[in-house]
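Presented below is the structure to which this report refers.
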Amino acid sequence: MRTIELTNSLTRAKEIFTPADPKRVTMYVCGPTVYNYAHIGNARPPVVFDVLFRLLRRTYGEEHVIYARNFTDIDDRIIARMSETGERLEEITNKYADIYEADMAALGVLPPTLAPRATAHVSEMIALIETLIAKGAAYQAQSGVYFSVAADANYGKLSRRDLDDMRVSARVEGEDDKRAPADFALWKAAKPGEPAWDAPFGRGRPGWHIECSAMIEKTLGRTIDIHGGGIDLLFPHHENEIAQSECAHGAPLARVWLHNGFLTMDAEKMSKSVGNVLLAHELLQRWPGEVLRLALLSAHYRAPLDWTEDLLKQADATLKGLYGAVDRLNDVSPEGDVEPSDDFLDALCDDLNTPMAMAALSTLATDANKAKSESEKATAKARLLKAGEMLGLLQRDPDIVFGRKVNASLNATLGNLQLHATATVDWPAEKIDALVSARFAARRAKNFAEADRIREELTEMGVIVMDGPEGSTWRRA
RNA sequence: GGCCACGUGGCGGAGAGGCUACGCAGCGGACUGCAAAUCCGUGUACUCCGGUUCGAUUCCGGACGUGGCCUCCA
């Protein structure tokens, strides 16, 4: 079996990945808070860890990998949204969870094995908090229950932070009764009009970090193989998860911690507070999800990635080139039992080096373009598609990609639906076919003036003609 | 202030102590009636200054620059 290496944030080193139980490989990734549309930066972890999910499933077998990505469906921002719109909690969270799932599907993200919701695990959270209180790691105050950072000798081991070095923590409003500034809320005492649950330590709602600890324990176990998320979650979120879970259980929470870098706009972090966000949902109106996905995978997951219009144009051109190779072999049925190239697999296994994997994918596309014999073609096509599948790419019908056919099921996975829909209505495939045939006839008759005229007409429709010895093919730009 | 990343050709972006990354764009060639697509070829790239070394863009130190976390944040 090929060895996978991953950079573990806990050790800051690239390590050989060995699951505790190869029959049950567990991964948890922090999912969205469902109160709003996700921006494209929010889409980086689901896409990156989707590639890892695919690699793990290939390595250990589909049924042996359990991947959980949560929905945070109780939180300050959701409550704020409730008072803004007057909607009920579930109305908001269900709506945005649905949108999130649709957007992720459009980006080619496989559904995780499990998608636990915080509000469905409040009793587990309460139990965990009780354990922490009993162990003396948490205490009750007027405003809620807090984790006592002083009780945890290992606090700071993930972010390598010394509490003394930190700037004096900004005081969180309403938490004046904490014993220490770095203590964090496990449970927030109920306020009038807010969603609340009964608990032995008073009616209230969970703090942010406790949900992940509780859901990981419930759905995956006390020690999981991989825990992932954005680099900004490293502190305090993941540090606090570790503190809660490890104090309660005396066992490591996760064996490998993975963190992806940010998306930036003009070299500045894309974030809602800066206000420089592009919503995935809106980008999907303008670009195929696959183009966005390729752009997201064009840099190594730990590196920052500057999101620009030019990046998308380049990704689009690259993708069209790859699909051109698939298209060229459209009537070849791929050979069944074929693996992607070693270069490709080695790249993915080397800490998920997707740029290097893309380079290997390009080589496979060139091989496919150069293939002569039928068997060469069948093999080359199969390898290209197999490699593409591991990146979540190249799985669409080239006829649809190049606008010769419209997908009957008008769902969000199409992404470029609007784009091609207009062109397809104005200039349907039948009309283009007719023009292309007319042009072919003109060329046969050596009436090149007419042939060129028709090509010009097609160009204006956004159609590119490609002449071959036995006829012409076409695609939409 | 503490901690942490990063600085590669026109653009994006890997990488390794000496050997072509790759993609996009450009240029030249083949193919084509002309194109397109494809194939082949093509670019004195590694922020600066020291050090280690036979040899560093790659290791070490420093400078400068950019960004991130320390507060909600993917």
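Every chain is numbered from 1, with letters handed out A, B, ... down the list of sequences. Below, all heavy atoms of this structure are taken into account, side chains as well, without hydrogens, waters or symmetry copies.
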Checklist entry - Heavy atoms under 4.0 Å, any strand shown: does A:Thr366 hit a base, just sugar-phosphate, or nothing? => result sugar-phosphate
Checklist entry - What's the closest nucleotide to the A:Ala267 side chain, out of B:A74, B:U66, B:C24? => result B:U66
Checklist entry - With the threshold set at 4.0 Å, does a side-chain nitrogen-carboxylate oxygen contact exist between A:Glu290 and A:Lys320? => result no
Checklist entry - Taking the side chain of A:Arg12 as heavy atoms from C-beta outward, which of B:G12, B:C39, B:C4 is closest to it? => result B:C4
Checklist entry - Taking atom P of B:A74 as reference, at what distance in whole Å does atom CG of A:Asp50 sit? => result 19 Å
Checklist entry - What string of B, S and - do you get for nucleotides 31-36 of chain B 5' to 3' if you count protein non-hydrogen atoms under 4.0 Å? => result --BBBB
Checklist entry - Which listed nucleotide (B:A74, B:A14, B:A37) is nearest to the side chain of A:Ala303? => result B:A14
Checklist entry - Is B:U58 paired to anything, Watson-Crick or G-U wobble with both distances less than 3.5 Å, and if yes, which nucleotide? => result none
Item to check | Aromatic plane relationship, A:His238 with A:His259 - under 30° parallel, 30 to 60° tilted, over 60° perpendicular | outcome: tilted
Next on the checklist: Closest approach to the side chain of A:Ala359, judged atom by atom: which nucleotide of B:G13, B:A21, B:A74 is it?
Outcome noted: B:A21
Checklist entry - Tell me: CG of A:Asp310 to P of B:G23, nearest whole Å? => result 17 Å
Item to check | B:C19 pairs with, by Watson-Crick or G-U criteria that keep both distances under 3.5 Å | outcome: none
Item to check | Minimum-distance nucleotide to A:Pro236 side chain [options: B:G68, B:A74, B:C70] | outcome: B:C70
Item to check | Pairwise P distance, B:U57 and B:U8 [rounded to whole Å] | outcome: 15 Å
Checklist entry - Which part of the nucleic acid, if any, lies within reach of A:Gly229 when heavy atoms closer than 4.0 Å are counted: base, sugar-phosphate only, or nothing? => result sugar-phosphate
Next on the checklist: Counting only side-chain heavy atoms from C-beta out, which of B:G15, B:G13, B:C70 sits nearest to A:Met356?
Outcome noted: B:G15
Checklist entry - Relative to A:Tyr28, does A:Arg69 satisfy both conditions: NZ or CZ under 6.0 angstrom from the six-membered ring centre, and within 45 degrees of the ring's axis? => result no
Checklist entry - Does A:Arg81 count as lying over the ring of A:Tyr35, i.e. NZ or CZ under 6.0 Å from the six-ring centre, within 45 degrees of the axis? => result no
Checklist entry - With a 4.0 Å cut-off on heavy atoms, is A:Lys370 in touch with a base, just the backbone sugar-phosphate, or nothing at all? => result sugar-phosphate
Next on the checklist: What's the closest nucleotide to the side chain of A:Met270 if the choices are B:A74, B:G12, B:C24?
Outcome noted: B:A74
Item to check | Rounded interatomic separation in angstrom, taking CG from A:Asn353 and P from B:A16 | outcome: 9 Å
Checklist entry - From B:C24, B:A74, B:A37, pick the nucleotide closest to the side chain of A:Arg475? => result B:A37
Next on the checklist: Heavy atoms only, 4.0 Å cut-off, all strands: where does A:Asn42 land among base, sugar-phosphate and nothing?
Outcome noted: base
Item to check | Whole-Å gap separating C1' (B:U71) and CG (A:Asp183) | outcome: 16 Å
Checklist entry - So what does A:Leu263 touch, heavy atoms closer than 4.0 Å: a base, only the sugar-phosphate, or nothing? => result base
Checklist entry - What's the CZ-P distance between A:Arg160 and B:C4, to the nearest Å? => result 8 Å
Next on the checklist: Please name the nucleotide paired to B:A45 by Watson-Crick or G-U wobble geometry with both distances under 3.5 Å, or report none.
Outcome noted: none
Next on the checklist: Using a heavy-atom cut-off of 4.0 Å across all strands, would you classify A:Gly261 as base, sugar-phosphate, or nothing?
Outcome noted: base
Next on the checklist: Can you measure A:Leu322 atom CG to B:A37 atom C1' for me and round it to whole angstrom units?
Outcome noted: 14 Å
Next on the checklist: Checking base pairs now: Watson-Crick or wobble, both atom distances under 3.5 Å. What partners B:A5?
Outcome noted: B:U66
